[in-house]
Structures are given as structure tokens and as C-alpha cells.
There are 2 protein chains.
Amino acid sequence: MSTPTVYDVAQRSGVSIATVSRVYRNPDSVRDQTRDRVLEAARELGYVPSGSARGLASRSTGVLGLCFPDYADPDAEADGADAEDDDSAVMLYSDQIIRGMERAARRHGYALLIAASLDGGPQSLVEQVAGRVDGFAVLARTVPTEDLEVISRRLPVVMLAGPREIDHLDHIEVANADGERELTRHLIEDHGLRRLAFIGGEEDSPDAEARFGGFREACRAAGLAVPDRPAVRVTMMTQAEGAAAAEALLDREGEHPQAMLFANDQMAVGALHALERRGVRVPEDIAVAGFDGIPLGRIVRPALTTVRQPMRRLGEEAVDLLVQRLRDRDREPVSLMLPVSVARRASCGCTPPAGA
Amino acid sequence: MSTPTVYDVAQRSGVSIATVSRVYRNPDSVRDQTRDRVLEAARELGYVPSGSARGLASRSTGVLGLCFPDYADPDAEADGADAEDDDSAVMLYSDQIIRGMERAARRHGYALLIAASLDGGPQSLVEQVAGRVDGFAVLARTVPTEDLEVISRRLPVVMLAGPREIDHLDHIEVANADGERELTRHLIEDHGLRRLAFIGGEEDSPDAEARFGGFREACRAAGLAVPDRPAVRVTMMTQAEGAAAAEALLDREGEHPQAMLFANDQMAVGALHALERRGVRVPEDIAVAGFDGIPLGRIVRPALTTVRQPMRRLGEEAVDLLVQRLRDRDREPVSLMLPVSVARRASCGCTPPAGA
DNA sequence: ATGAAAGCGCTAACAC
DNA sequence: GTGTTAGCGCTTTCAT
């Protein structure tokens, strides 16, 4: 009584299993009458082709994968709850990348398998995904480089949004330095600010470092002092840490900075809250800027000036790269850099554009 | 030179394939020394276990699935582009359900396979997903009922956010009628409005109908005239249709309604735009309300009063139901109804709560 | 147009 | 603790 197989369908419709298989894979190669008999039998039996068996026999799954870090920001969740809204406002990178990949994958006839990295050994993550897909994308720092090294020998892997850790892999990154440089330039030239503080992440966070690099370039170009390192470094880049960083800067001796540039939006949002609690007005007393362009940044007041990353497009490009490599395993590794754009909103002193 | 298998690893490390298998499935059942040898050989060879083969042999994939409709609202996209923001503000149900399911699935050790219904025959959708997962969730009206009937004989299926089309399946819905009733009551009692117009979808849209039902209940309870059918019916429930519906109501003879209640947020947002173009002030001249609680509703001005659905929780509950049924195939079918809540914002005349 | 047979790479008893 | 041996359900030549 268990799950029917090709054999059951074949027997019931009086054909061979090969014919049953053909009906599903290449319907036109079977006579109409035969096909109808098979389909009818399948229906009666409740037959559904086994993806595993297919995959095994055909050596391809029709599925692409995505591994991403578990970027859940606990603060963001709490915040959402406080503010009476559910988590609808909290959409992270990964969600947008998923959207982009899902769409693109579908266009190419693939389904998408997603898995966030669990703390319990990366082994499991990699196994879950790598073994069941024809190729997959990995968000930076999700899977240990050495594992990728091994896996990428067996199937196409494209690395997303980080430095190119393995040079024979396809790779897509966003213009972190360009974006932060332009944002900083805007603050300096258009708003006339000169005392800027950059709040960064750990030194081994390539994105945060690249952004800091852009910040420095802009300072240098403007003839300002070029700091060797961020005014503050945090580890998780969460809202809580952003708030703490803002307070720490406020408590430092000497003049306050005129602007705080955070390595990501989450921190900037946290800082906005902290500054409000301390009675510091934004942008009148101090300008605040983030990086990423998460939806939450548009909802907070003042709306957050930031650098928008084209995350969804990142997902789409990832799929395209994967599909192309699946077609030609020997082509040269590709490395793309996607452009970003500065979103000038209220937190830097720019008037927000007319309400939608 | 092709993809290494257990045999290759076994040979290279001088053990049997069974031991190789054990190393991956149950490491503790193998002596340390042996395990290290195997792992080393695997590493050298670039071995990755085949999910297909595993699935075939063990009759389970460790993957749960989600089928959802391709709800892309073309207007929403265009709108986003116009407004200079990328699509970050446009997060649909499905995205939130995906989030919820991914999280919950991961907690239970599953990965998530997602696929939006393609126009090209549902057959493909169903095959793609159904054959490769241990169970899956289906958003209402994504897969033909008859297909579900067949498939659900083979693996657990939970139906989401719609009526219970198949009564032996697990099923989760949201309290559409309750929510709309409460929203309507609020408009009538708290704002003193009496001429209300409900803009619905097609009659075969269960959600829209349930909401209309709640609207009617509230009218009845308040002693107002109870309409037989929505003031306007549209087909796709997009922004464009919402705008058109609003204009149509404005152009009708007789008194204008004091409030327009739309069957979903997309339409309400479209209406907001249309009303602004016509110089009709919201909420002074007319109140507007939606249903769903999409992020976009918080961004538009005035912010949209609506009924928030717990979409993410829907995803989580779906996974729980799936996991439970996987454990006990014979348990009674479960049907849950998740509560909703009214979000009182500016478009109905309520002052929005203090900015976050 | 259809059938027969040989795997695909792994897991799961069951022996040892 | 480790090896042997059957399959798991399907695709795919190669015949017919």
C-alpha cells in the first residue's frame, strides 16, 4: 500500500517502466493513447515521481541552492514587537536575495533550496544543500572557505557579497567602497560637515572594512584627517551595538562628531533610538547614516540616509552565473561588481522626497 | 575523474562503503582513527554525499517545501522604481511565510525548497516540489485541488490561508472575517462613519469573501444597511485596480462614501494615490483601510490603517504541523485559525503612534 | 513506439 | 566496530 512507483503504474497500465518514464520526461515520444493510459493509472494510484530517484539516475536535480548566514538581529525582532507591528518591517538582505534568486531560478526552470547556516557545524549545512542541488550561491562567511574549496570541485558555486576568497569561483560583490565614499563626500561637501565618525565592524569583516576604506578615501579627498581605524568597532553590528556605539561617542571627551556613519543600517537605527533617548536631535545636532538600504531605514524617523545595495539583483545575477556555468563548466571564472546608490533621506539633513 | 562516491572514498581509506556511510550518518559509531582516515580521503577526493542517493535509499529528504503563487504586483514594482527605491519596500506575503518556514524548518533540521507557481502547467510545479520533499505547504489556489488530492496521498501537505479545500489535510487560515469585522466596527463606532464602501475581489476568492462577510456582520451589528455584494469587485486586486475602483466610486452618483474598505492593502495603496490625484483628502474627506499589513502600508502617506495578518507565524505553524504529521501520519487532521489584529494608522483618522 | 536490463550512489539489515 | 549484500525508484542505452 506504500508509495506507488513506476512499476506499479507500468503494471496497471500494461506498459513497461520505460514507457512510464517517457510519459513524464518526453510525452511526445509516446503514442497518445498509451500516454493517456499511463497518466490515468498514475492518477488512480496517486503516483508522484521521486525526485531522489530521478536525481540519482539523471545526475541532476533541477534545483539551485542558497546558503546564507542566520542574520537574525534579536533587537530588530524585539523592536518590532515593541512597536506593535509584527516583523513585517524587518526584511534582511537574505530575504531580498532569496526573492531575486527564486524569480531568476524559476525563469530558468529551477526550484530554489534555501538554508541558513546553523551553529551546529557547517558540515550539516553544506551537506544539506550541496548534495541536493546542481549548483548554489553562498553569502560571504557562511561556509568555511576550505569546505567551499572541496565542494566547488564538484559543482558550481558562486560567492556573494564578500571578497573573492577562492579565485576560481564565480563571484559577485557590491561596490562598498564606492558607496561609502560617495555618501561621505555628500556629508562633507553638501552638508559642510567635517568631524565625522565611522563605526565599523571587526577587522575580518570585508564589507565593513571596504566601507571604511571608502570613508577614508573621501576624507582624504576632502583634505580632512584620515583616521587609521574606525572610531568604534563592534562585533555583531546589531541595533544594540549601534546604540552602545553612539552613546560611547557621545560620552567621549572633546567635541562630538557632527556625523556618525555606521557600517550598516541596523546599527544606525539603533543609534537613532539611543540619540533620541539622550535628547540629541538628528539631523540638527548630528547627522546619522547607515549602509544597506533595509526597509526599516525608511520607516524610522528621521528616515535613514544610507547606501542602497541591489540585493535582489544580486540574487538574479547569481542564478544567471550558475546557469551559465552549468552550461559550460570550463568557462573563465567571472567576477561582477554591482553598483550601489546613495539614498539621501532625513537623517543627514536632506529633506525626504515628497511622500509616496 | 568524475564525481567521487562512497566507493572511491572507501577504497582510498581502506574501509568498506558502509563505514564511509556511517562516518557521515553516525560518526560516533566509528572508531576515531577510522573516521579520520575516511574524512581525510573524502577531503582529498572532494567527496560530497549525494542527496539524491541518500534520499532514495533512506526514503526521506530532510527537506520541506513551499508552493506559492507568483503574486508579483506589476504596479508595486513600477511604483517602487518610480519612487527611486528598489523593491526593498515591496515585501509580499510569500516572503514572510518563507521567512517563517525557513526558521522553523531549520530548527527542526530541515531545509526549505521553494517554488512559485509557473504559468506553464502546475504539473511541473508539483513535480518539482512534491517529489523532492518530505512534506510541503501550499498557499491557497496555487496548486489545483485535484492534484493536491493525489499528492497528499503520498506525503504530508498543509494548506495555507484559504478555505479548507480538502478536509483530510492539515490546514491553517487567518481570521479574515473577525479582522474585517473589528476594523469596520472601529470605523463605525470610533470614527462615527456610516456610509462605508467595501471593495472586494472575485467571488471565488475565499479570503476576499470572508473579509466581506466580516464587513457585513459589522454593518448589521451597527444597524446599518447590509449590502448584498461589494460596492465594487475587481479581479487581480492590484494597485491599479484599487485606484480604478476608488475613482469609480467617486464618479458614482449620489453621496460619496465616508470610508473605503479594500479587500487588501495593495488596492488601498493604489486608492490612496488615486484620491490624492483627485484632490480628495485622506482621512479628512474619506477614510481608507486595507487588509494584510504589508510593509508598504506603513510607508505610504497617510499610513494605511489595516488588519495585520501573522504571515510569518503562519509559516512557522505550517512547519510544525508538517513535522508533527511526519511523526504520526495517522493523527487527526488539524485546522488552525490564526488571530489577526487591527493596525490603526493615519488613513482612518487615527493619529499614528509616536514615531519609532 | 516500446521493452529489457544495467546501473546511478547511498542506506540498512544482518553477519562477523 | 566493520564488512556484505540488497535494494531504493528512476533514466537510459540498446534492441526490437
Side-chain angles (χ1 to χ4, degrees), chain A residues 1-39 41-42 45-63 127-128 130-134 151 154-155, chain B residues 1-39 41-42 45-63 127-128 130-134 151 154-155:
Chain A
M1 97 116 268
S2 68
T3 71
T5 72
V6 276
Y7 291 95
D8 302 311
V9 177
Q11 184 168 36
R12 183 166 188 115
S13 53
V15 300
S16 72
I17 61 167
T19 297
V20 174
S21 177
R22 288 191 186 98
V23 166
Y24 285 89
R25 299 217 58 66
N26 190 358
D28 298 328
S29 71
V30 178
R31 213 194 329 169
D32 284 24
Q33 184 189 333
T34 310
R35 181 177 52 229
D36 292 344
R37 275 219 316 282
V38 171
L39 252 17
L45 259 26
Y47 169 74
V48 176
S50 154
S52 294
R54 275 191 163 168
L56 221 208
S58 67
R59 290 86 176 295
S60 83
T61 65
V63 177
E127 270 186 48
Q128 281 232 330
R132 340 195 132 280
V133 301
D134 292 340
I151 294 167
R154 311 264 292 88
L155 71 163
Chain B
M1 95 117 268
S2 67
T3 72
T5 72
V6 275
Y7 291 95
D8 301 311
V9 177
Q11 184 167 35
R12 181 163 189 117
S13 52
V15 301
S16 72
I17 60 168
T19 298
V20 175
S21 178
R22 288 191 188 99
V23 166
Y24 285 89
R25 299 216 57 68
N26 189 359
D28 297 330
S29 70
V30 177
R31 210 190 333 166
D32 285 23
Q33 184 188 333
T34 310
R35 180 176 55 227
D36 292 345
R37 276 220 314 284
V38 171
L39 252 17
L45 259 25
Y47 169 74
V48 176
S50 155
S52 294
R54 276 190 163 171
L56 221 207
S58 66
R59 292 93 170 297
S60 83
T61 65
V63 177
E127 270 188 47
Q128 281 233 331
R132 338 195 132 282
V133 301
D134 291 341
I151 294 167
R154 309 266 291 87
L155 70 164

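Chain identifiers are assigned alphabetically (A, B, ...) following the order of the sequence lines, protein sequences preceding nucleic acid strands; residue numbering begins at 1 within each chain. In this text the structure is predicted, and so the values were computed from the model without any measurement. Just the heavy atoms: all of them, side chains too, but no hydrogens, waters or symmetry mates, feed the values below.
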With sugar-phosphate taken as primed atoms, P, OP1 and OP2 and all else as base, the protein-contact string of nucleotides 6-16 of chain C at under 4.0 Å (heavy atoms; B, S, -) is -BBBBBBB---
Out of curiosity, A:S50 OG to B:R59 CZ, how far, rounded to the nearest 0.5 Å? 10.0 Å
Minimum-distance pair of heavy atoms, taken over all atoms of B:G46 and B:P4: O-CG, 3.6 Å
If you round to the nearest 0.5 Å, how far is CG of B:L45 from CZ of A:R154? 9.5 Å
Atom-pair distance (CG on B:D36; C1' on D:dG1), nearest Å: 15 Å
Work out which heavy atom in B:S29 is nearest to a heavy atom in B:R22; give both atom names and the distance. OG-CD, 3.7 Å
Does the side chain of A:T19 get closer than 4.0 angstrom to OP1 or OP2 of C:dG3 through an N or O atom? yes
Is the shortest heavy-atom distance from the side chain of A:V6 to the side chain of A:Y47 under 4.5 Å? yes
For the pair made of CZ in B:R154 and P in D:dC8, what is the distance, rounded to whole Å? 14 Å
